[in-house]
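Structure first, then comments.
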Number of protein chains: 2
Amino acid sequence: MTAGPAEDTRTRLLQTALRLFTEHGVEGTSLQMIADALGITKAAVYYHFKTKAEITEAVAEPGVRDLDELVRRAAAQKRRGAQVDLLLEGFVDLVIRHRTLVALFSSDPGIARAIEKSAHGGMEGFGQALLGILSGPDPDTTARVNALVTLTGIAMAGGSPDLAGLGDDELRTELLDVGRRLLGRPRRRIPVPTL
Amino acid sequence: MTAGPAEDTRTRLLQTALRLFTEHGVEGTSLQMIADALGITKAAVYYHFKTKAEITEAVAEPGVRDLDELVRRAAAQKRRGAQVDLLLEGFVDLVIRHRTLVALFSSDPGIARAIEKSAHGGMEGFGQALLGILSGPDPDTTARVNALVTLTGIAMAGGSPDLAGLGDDELRTELLDVGRRLLGRPRRRIPVPTL
């Protein structure tokens with residue numbers, strides 16, 4: 001499958017939008033700024049997207065799709081330990097694969113507002129689904145706190161400019177290690193990403 | 001020291017502003033909305049604050065002042081272990097004392113932008129000061145990741161609506177426990193807050 005010129009422009013447009021969102025925030029970025037950065041007309045942007053909200057949704061879409069699939073796959077595991085391990089490994093993997101997007105989510109609520117209409121009822125719904133699997137049925141306070149610190153800490157650290165210089169493999173090892181310690185899971189060989 | 005009527009209005013104004021910021025975001029809240037919620041005129045708001053930026057700074061000011069003092073006190077400790085323990089305990093305490101403000105920081109970059117001019121060069125400067133103390137001199141990657149996950153995880157969990165139902169004492173015990181595990185510090189008797 002080869003991308004045609006229109007598909008190519010769409011891809012570049014989304015990459016440019018993500019970069020501008022990161023620099024100026026979603027609210028501080030206009031369609032005109034995206035067109036200027038790409039060296040195309042605003043009409044050419046309109047050919048692909050009618051509004052900034054459509055662009056924002058499309059920018060977030062790959063991350064949202066991976067998150068949705070991760071929740072489904074983890075929930076389908078029969079054993080509790082397998083659920084937690086799959087969710088933790090998949091979440092670390094997802095954070096690393098979408099580092100720039102995760103950083104944007106951590107610093108700009110505009111991106112979260114833009115995807116309120118997703119399958120799980122927006123980021124709030126995803127957060128609850130992830131927390132529910134990590135903390136288990138009828139969790140006590142400690143289990144709830146551990147699950148929250150694990151998810152938010154991994155997402156914030158993974159998207160932090162302080163760790164932007166780390167390679168993917170090193171960051172994955174570190175985040176998995178800290179997650180396993182928080183959740184009381186045994187250390188394991190780092191698996192090959194499967195999602 | 002008894003607060004006069006003007007001081008009283010100022011306090012109520014800041015409490016109301018924080019509530020509206022939480023509900024609508026800083027950018028989605030106008031001076032008129034603050035005046036309406038208080039049942040006062042916009043002129044009465046102007047008597048205390050000329051711009052929304054001034055209100056935002058004043059809302060964040062108690063948290064910023066506590067953070068500044070915490071960094072100074074921790075940095076003044078001679079032993080490394082005492083620095084880490086004081087910073088962790090003080091940070092957990094601060095997060096709990098300013099729960100609503102911390103929740104706003106976690107969800108709205110408008111509040112962070114508003115205090116860019118603080119003593120430590122805004123939240124970025126505070127973050128670096130806190131991380132520097134927690135991770136120690138010449139930190140390896142693991143120490144940097146642990147410090148980042150500890151600070152962001154405690155702040156995000158402490159400000160999370162998921163834990164809003166927990167009492168201060170229970171939340172303090174849980175956050176201290178998770179922080180000590182992440183930083184490899186021994187569990188201790190919960191100290192009386194001193195900051």
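First the proteins, then the strands, lettered A, B, ... as listed; each starts at 1. Being a predicted model, the structure only gives us computed values, none of them experimental.
Heavy atoms closer than 4.5 Å to chain B are found nowhere in A:Leu151, neither backbone nor side chain. Contact annotation for B:Ser160: only side-chain heavy atoms (C-beta onward) come within less than 4.5 Å of a heavy atom of chain A.
Taking a cutoff of 4.0 Å between a charged side-chain nitrogen and a carboxylate oxygen, A:Arg172 and A:Asp169 qualify as a salt bridge. Ion pairing between a basic and an acidic side chain is recognised when a charged N comes within 4.0 Å of a carboxylate O; A:Asp36 and A:Lys42 show no such pairing. Here A:Arg65 pairs with A:Glu61 in a salt bridge; the nearest charged N to carboxylate O distance falls below 4.0 Å. A:Asp66 has a carboxylate O that lies under 4.0 Å from a charged side-chain N of A:Arg97, or vice versa, which qualifies the two as a salt bridge.
Highest contact tally toward chain B, considering only A:Leu131, A:Leu166, A:Thr150, A:Leu148, is held by A:Leu148 [criterion: heavy-atom pairs under 4.5 Å]. Contact count versus chain A (heavy atoms, under 4.5 Å) is highest, among B:Leu182, B:Val178, B:Ile154, for B:Leu182.
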